[in-house]
Protein chains: 2
Amino acid sequence: MARSVAAHREAVQELLSGLRGRGSNEELPLMAALGRVLAVDILAPLSLPPFANSQMDGFAVRSADLTPHAGSDAGAELTVVDPVPAGAAPMRLAPGTAAPIMTGAMMPEGADAVVPIEQALPDVFPAPGVAATVRLPTTEPGTFVRDAGSDITAGAVALRAGTALGPGQLGLLAALGMTAVEVRTPVHVLLVTTGDEVVEPGTSLPEGKIYDSNGTLLEAAMLQSGLRVTRTGISSDDPSALLTLLRSHAASSDLIVSTGGVSKGAYEVVRQAMEGQAVDFVSVAMQPGGPQGIGTFDGVPFLGFPGNPVSCLVSFEMFLRPALAAVLGSPALRPSLQARLAESLTSPAGKHQVRRGTLLPGGTVRLEGGVGSHLVHALANSNALIQVPEGVTELDAGAEVEVWML
Amino acid sequence: MARSVAAHREAVQELLSGLRGRGSNEELPLMAALGRVLAVDILAPLSLPPFANSQMDGFAVRSADLTPHAGSDAGAELTVVDPVPAGAAPMRLAPGTAAPIMTGAMMPEGADAVVPIEQALPDVFPAPGVAATVRLPTTEPGTFVRDAGSDITAGAVALRAGTALGPGQLGLLAALGMTAVEVRTPVHVLLVTTGDEVVEPGTSLPEGKIYDSNGTLLEAAMLQSGLRVTRTGISSDDPSALLTLLRSHAASSDLIVSTGGVSKGAYEVVRQAMEGQAVDFVSVAMQPGGPQGIGTFDGVPFLGFPGNPVSCLVSFEMFLRPALAAVLGSPALRPSLQARLAESLTSPAGKHQVRRGTLLPGGTVRLEGGVGSHLVHALANSNALIQVPEGVTELDAGAEVEVWML
């Protein structure tokens with residue numbers, strides 16, 4: 001009995017749950033931490049903004065000076081004093097005066113509001129040093145003032161451990177004055193492709209053999225997901241050779257991923273090599289990528305993906321990537337959206353089908369290639385995975401489908 | 001009169017159009033080319049699959065041997081011959097025989113179909129070397145055979161120049177036997193943050209000053225988009241100092257981006273430094289990020305972003321990133337999807353508002369922080385930009401909005 005996609009994803013997540021507590025961190029300069037995952041909570045060492053500042057170009061005022069009195073017009077005529085210098089601590093604002101102030105400049109002590117230059121009469125700043133007055137309207141306290149700590153207050157949690165560090169997060173750390181940050185060391189994956197029929201790219205291609213694309217495809221996907229990858233090269237269909245290879249690397253790996261040798265054929269090297277290990281070979285109700293190995297090899301989490309390149313990518317995207325997101329908080333889940341099929345499709349009863357496609361402007365998704373899991377050229381032309389749930393056997397052109405953006 | 005977001009994006013795209021023909025390429029090993037852009041069309045040096053192979057574990061047959069004759073049952077009893085070895089060229093299949101074959105193995109000459117093992121009687125493979133027969137059903141020619149070239153034929157265009165190289169594309173190049181690929185050298189951006197009020201993170205913070213977050217935020221965003229970045233550090237509000245800095249780097253840059261000093265205040269260093277250059281300072285009908293500089297400095301394309309960090313990120317995402325995608329084919333456009341607002345919002349008349357938010361499971365988007373362009377902590381908590389088009393001034397909770405996933 002095949003297990004559901006959701007059940008297998010859950011199993012992979014459970015398998016990887018130990019990776020959360022590895023506790024191996026490193027401190028990196030901000031820019032080197034791009035794409036990495038924060039190892040610790042970051043408490044803000046200062047408030048943002050650090051001081052009350054102006055939200056507009058205008059005049060810093062004491063709002064009480066502009067309060068209407070019985071019998072008076074709204075607003076008041078104030079004496080213009082020296083402008084607030086950008087990036088400096090301004091002088092105290094005396095009652096009855098208004099100080100020209102630029103966006104972001106520190107509010108003078110005593111001032112509690114900013115009147116934008118457009119609301120002033122005249123609506124231009126006087127030349128510095130020239131005696132001048134300005135007529136300003138009634139203004140509520142706090143108007144166009146960014147209070148100190150209104151974005152975050154000193155001591156508050158700025159970022160939680162487990163946050164993936166992108167431009168916005170690194171920008172925040174810089175705004176807090178930081179130049180380095182403690183991140184988790186990447187999960188170290190041992191990636192083994194298997195099969196007597198595959199040879200390394202760059203070598204000659206004997207009859208009956210194909211070039212290994214799984215290694216390149218999966219290493220690239222893993223690197224993009226923040227993993228560190230060791231590739232062993234291609235292992236033959238000799239189980240003892242594969243065992244030796246795995247044993248020589250397992251102790252230094254957080255996770256082992258193999259490709260090929262997991263289905264029900266006569267010569268399934270990964271199945272053979274895993275005899276005696278706590279590894280299950282299961283059938284997932286998914287097309288492609290049905291046969292899957294899962295368990296531990298000498299105590300190291302192990303996933304056995306099928307041997308075709310499209311099956312490898314689909315296995316990675318459907319199981320390993322979401323499990324890493326759930327366990328480690330990174331990479332982010334693939335953006336999922338609804339699109340309309342450009343053409344009809346069929347899907348086997350009792351299987352969740354994952355088709356490759358191109359999302360077109362306007363929200364239509366076009367199929368790229370057929371169902372064959374060897375269609376790596378069609379895969380290279382795709383930017384989306386089309387999800388056809390178990391139980392759906394036919395979809396017409398125009399039908400709504402869930403797509404994951406690659 | 002403010003220009004529309006679309007008009008300014010078009011102007012940025014036009015400004016960058018010269019980057020397309022730079023013609024500066026480099027050859028990189030496949031894995032080093034991850035995230036880079038292909039410089040040339042790649043023609044397939046071989047067909048994929050390189051040879052006809054089996055799509056199933058089963059028996060390779062001559063379908064004519066299984067054609068029903070008048071008076072006979074459907075199918076036939078065939079003599080089982082030696083299995084097709086994985087990764088080798090098999091012997092010719094003699095009439096009246098069936099060869100055990102595994103998925104991906106080369107079809108023997110003479111065979112034109114595969115019968116899955118599940119349809120055979122008996123439905124297990126005989127032990128090698130033991131004389132055996134098998135009963136197989138009638139089968140159409142071509143059944144469960146992957147034809148040579150059915151994914152791509154030798155000589156056809158495998159990938160077009162301008163394609164961004166991700167896992168699928170690199171996997172295809174490996175499948176074609178390639179180990180290196182010619183990619184475009186990255187666009188080289190000179191990134192200058194300006195302002196007397198900003199200081200470098202890691203130094204002490206005098207009263208009235210803030211740490212520069214724009215440099216870190218934009219460098220990270222640019223690196224993620226495949227650009228090469230040179231940061232000059234912070235330039236003061238002295239126009240001649242900024243001019244000297246720009247002149248010393250411009251000749252080696254493809255693009256100059258500055259932050260700050262572009263609005264209508266009294267001390268706008270970028271405006272002042274650009275006097276005599278072919279640079280316009282325009283007001284875009286967008287909040288935040290309205291004031292924008294655009295043109296050329298000593299012939300080098302130049303963009304002047306505003307000085308607040310949220311304005312910088314929004315300027316990058318709304319203008320520079322889509323323009324790079326249009327001109328260079330990379331980075332990919334941000335995934336755009338429809339979501340429902342978790343709460344109401346207001347937007348200024350006549351402006352396209354870009355709010356920051358978190359897309360929640362179930363398709364609801366929550367606002368992160370207010371409209372203030374200094375709210376870098378709120379930005380760091382966001383994973384989406386919420387697009388509120390010009391002309392929309394109020395949206396209720398539950399309203400559908402377009403969001404771009406960061």
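On a predicted model such as this, the values are computed, not experimentally measured, just so you know. We name chains A, B, ... by the order of the sequence lines, and we start the count at 1 in each one.
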Does a side-chain heavy-atom distance below 4.5 Å link Leu34(B) with Leu223(A)? yes
Measure distances from Leu46(A) to the heavy atoms of chain B and classify the residue's part below 4.5 Å as side chain, backbone, both or neither. side chain
Under 4.5 Å to a heavy atom of chain B? For Pro206(A) that would be neither
Per-residue tally against chain B (heavy atom, under 4.5 Å) across Gly166(A), Gly195(A), Ala89(A) peaks at Ala89(A)
Are Val376(B) and Leu48(A) close enough that some pair of their side-chain heavy atoms sits under 4.5 Å apart? yes
Given side chains that start at C-beta, do those of Arg146(A) and Ser373(B) come closer than 4.5 Å, heavy atoms only? yes
Is Val229(A) close to chain B through its backbone or its side chain, or both, or neither, when contacts mean heavy atoms under 4.5 Å? neither
Go through Asp237(B), Asn308(B), Leu359(B), Val310(B) and name the one with the most non-hydrogen pairs under 4.5 angstrom from chain A. Asn308(B)
With a 4.5 angstrom heavy-atom cut-off, which part of Pro83(B) approaches chain A: side chain, backbone, both or neither? side chain
Of all of Gly35(B), Ala378(B), Ala88(B), Gly171(B), which one pairs up most often with chain A through heavy atoms under 4.5 Å apart? Gly171(B)
Picking from Gly370(A), Gly372(A), Gly208(A), Gly104(A), which has the most non-hydrogen pairs under 4.5 angstrom with chain B? Gly208(A)
Top residue by heavy-atom pair count (under 4.5 Å) with chain A, among Leu30(B), Ile210(B), Leu172(B)? Leu172(B)
Flag the one option from Ser213(B), Gly202(B), Ala44(B) with the top tally of heavy-atom pairs under 4.5 Å to chain A. Ser213(B)
Of the listed Met31(B), Glu207(B), Glu197(B), Met106(B), the one with the largest count of heavy-atom pairs under 4.5 Å with chain A is Met31(B)
As a quick check of understanding, evaluate side chain to side chain contact (heavy atoms under 4.5 Å, CB included) for Ser263(B) and Thr103(A), giving each step before the final call. CA-CA 10 Å; Ser263(B) 66; Thr103(A) 304; 5.6 Å; no
Output the option from Gly168(A), Ser336(A), Cys312(A) having the highest count of non-hydrogen pairs under 4.5 Å with chain B. Gly168(A)
Proximal component of Pro309(A), with respect to chain B [non-hydrogen, under 4.5 Å]: neither
Non-hydrogen side-chain atoms of Pro167(B) and Glu219(A) separated by less than 4.5 Å: no
Would you mind telling me which of Leu375(B), Thr179(B), Leu205(B) has the largest number of heavy-atom pairs within less than 4.5 Å of chain A? Leu375(B)
Asp212(A) versus chain B, the contacting section by heavy-atom distance below 4.5 Å: backbone
Which atoms of Val403(B) come close to chain A, meaning under 4.5 Å heavy atom to heavy atom: side chain ones, backbone ones, both, or neither? neither
Rounded at 0.5 Å granularity, tell me how far CG in Asn53(B) sits from NE2 in His374(A). 6.5 Å
Atom CG of Asn381(A) and atom CD of Gln169(B): how far apart are they, to the nearest 0.5 Å? 8.0 Å
Where the side chain of His377(B) meets the backbone of Ala158(A), is there a donor-acceptor pair that is under 3.5 Å apart? yes
Would you mind checking which part of Arg334(A) comes under 4.5 Å of any heavy atom in chain B, side chain (CB onward), backbone (N, CA, C, O), both or neither? neither
Working to the nearest 0.5 Å, report the span between CG of Leu379(A) and CG of Asp151(B). 9.0 Å
Under a 4.5 Å cut-off applied to non-hydrogen side-chain atoms, are Pro335(B) and Met405(A) in contact? yes
